[in-house]
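Just below is one structure, and these are the notes that go with it.
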Number of protein chains: 2
Amino acid sequence: MRYSKQRELIINIIKGRCDHPTADMIYSSAREIEPNISLGTVYRNLKLLSDEGEIITLETVDKKLHYDGDISRHSHFICEDCGKIIDLFRPANTPREISDLGLTVSGEKCIYYGKCQECQ
Amino acid sequence: MRYSKQRELIINIIKGRCDHPTADMIYSSAREIEPNISLGTVYRNLKLLSDEGEIITLETVDKKLHYDGDISRHSHFICEDCGKIIDLFRPANTPREISDLGLTVSGEKCIYYGKCQECQ
DNA sequence: ATAATAATAGTAATCATTACTGATAACGAT
DNA sequence: ATCGTTATCAGTAATGATTACTATTATTAT
């Protein structure tokens with residue numbers, strides 16, 4: 001993978017913030033520094049970085065992909081009303097522990113990724 | 001909520017199979033029994049049933065929503081290559097336990113849903 | 001410096017999902 | 001049982017996030 005100014009900018013943006021922005025939000029931030037950067041470039045690099053394991057993608061309920069620059073092992077809480085995404089850093093997140101953070105939990109989805117027996 | 005023949009058909013289809021079909025797959029099955037059923041009707045009812053908690057939606061990597069008629073507490077494994085979705089019914093699913101099923105785990109995403117402090 | 005070719009900007013295309021509209025069907029009230 | 005209200009429907013159009021395409025530019029090995 002060659003160096004590119006645009007990709008470095010995108011990495012810096014996503015690693016430098018604590019929320020979980022969409023491609024569009026990252027595009028907005030990028031344009032403040034590199035006004036000619038293209039939305040396609042943002043999407044392509046986010047996909048690339050995600051494939052390389054440098055960032056994490058979150059498929060949420062708003063039909064947009066959200067990106068997380070923090071690849072340390074942690075879970076997420078998504079508010080069904082406002083869509084806010086909250087990091088959960090404790091090693092084991094039981095519904096009880098999350099309730100203690102002032103959050104009301106109504107459901108959870110845990111998905112593991114990898115290769116099935118046939119595809120290995 | 002009023003009774004409707006179409007909705008009952010959709011419920012029966014999704015509850016009667018063990019995989020995790022997309023709206024399109026459910027539409028195909030439905031048309032075999034009710035040839036005039038509309039794709040919009042399928043989408044509307046799937047959303048409705050999901051909101052009511054009668055079925056579960058899975059935001060996967062193929063940009064399509066998948067539906068699960070089994071709302072008992074369980075996790076899922078998604079193959080990064082073929083996209084297959086496998087149910088994981090054991091009470092605690094550690095990467096180790098999943099490996100024992102012949103699956104290679106490369107990552108996991110755990111998302112909790114509910115209401116944040118501001119939205120309660 | 002040059003050649004080879006990733007990567008980009010800008011734009012067009014894709015396609016899952018949602019919105020819309022006039023017709024139909026469920027169901028409580030009469 | 002019929003009527004009126006309105007949820008639901010079939011069919012189609014619109015939406016919008018993401019991807020694909022193309023001519024140009026930038027990186028890097030030689």
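Note on naming: letters A, B, ... go to the chains in the order of the sequence lines (proteins, then strands), and numbering restarts at 1 for each one. In what follows, every heavy atom counts, from backbone to side chain, and hydrogens, waters and symmetry copies are set aside.
One can place CE of A/M25 at 13 Å from P of D/dT18, the figure rounded to the nearest angstrom. Rounding to whole angstrom units, CD of residue A/E34 and P of C/dA9 are separated by 7 Å. Taking atom NZ of residue A/K47 and atom C1' of nucleotide D/dA17, one finds them 14 Å apart after rounding to whole Å. Distance B/Y27 OH to C/dT18 C1': 15 Å, rounded to the nearest Å. The distance from atom CG of A/L39 to atom P of C/dA13 is 17 Å, rounded to the nearest whole Å. Between the CG atom of B/N45 and the C1' atom of D/dA10 there is a distance of 13 Å, given to the nearest Å. Counting to the nearest Å, the P atom of C/dT18 and the CZ atom of B/R44 are 12 Å from each other. Rounded to an integer number of Å, the gap from A/D62 CG to C/dT17 C1' is 14 Å.
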Checking salt bridge (charged side-chain N to carboxylate O under 4.0 Å, His left out) for the pair B/K84/A/E118: CA distance, chi angles, key distance, verdict? CA-CA 10 Å; B/K84 191 191 303 171; A/E118 288 78 32; 2.5 Å; yes
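For the pair B/Y43 and B/M1, nearest-nucleotide mapping onto DNA chain C gives the more 5' position to B/Y43. Of the two residues contacting DNA chain D, namely B/I37 and A/G40, the nearest-nucleotide position lying further toward the 5' end is that of B/I37. With the nearest nucleotide of DNA chain C identified for both B/T22 and A/S4, A/S4 has the one nearer the 5' end.
Residue B/S38 places its side chain closer to D/dA10 than to any other of D/dT18, D/dA10, C/dT8. For A/A23, counting side-chain heavy atoms from C-beta on, the closest listed nucleotide (D/dT18, C/dT17, D/dA10) is D/dT18. Set against D/dC9, C/dT8, D/dT18, the side chain of A/K64 has D/dT18 as its closest nucleotide.
The pair B/D62-B/K64 fails the salt-bridge criterion, with no side-chain N (NZ, NE, NH1 or NH2) lying under 4.0 Å from an Asp/Glu carboxylate O.
Contact check for A/L58 versus A/Y67: no side-chain heavy atoms found under the 4.5 Å cut-off.
With hydrogens and angles disregarded, no donor-acceptor distance shorter than 3.5 Å links the side chain of A/K115 to the backbone of B/T104. Judged purely by atom type and a 3.5 angstrom limit, B/H76 has no side-chain atom pairing as donor or acceptor with the backbone of B/I85.
At the phosphate of D/dA26, neither OP1 nor OP2 sits under 4.0 Å from any side-chain N or O atom of A/Q6. In this model, the phosphate group of C/dA7 is approached by a side-chain N or O of A/R7 to a distance below 4.0 Å at OP1 or OP2.
With hydrogens and angles ignored, a donor-acceptor pair under 3.5 angstrom links the side chain of A/R2 to the base of C/dT5.
Using a 4.0 Å heavy-atom distance criterion, A/Y3 is classed as a sugar-phosphate-only contact. Note on B/K5: nothing from the nucleic acid sits closer than 4.0 angstrom, heavy atoms only. Counting non-hydrogen atoms under 4.0 angstrom, A/D24 reaches nothing in the nucleic acid.
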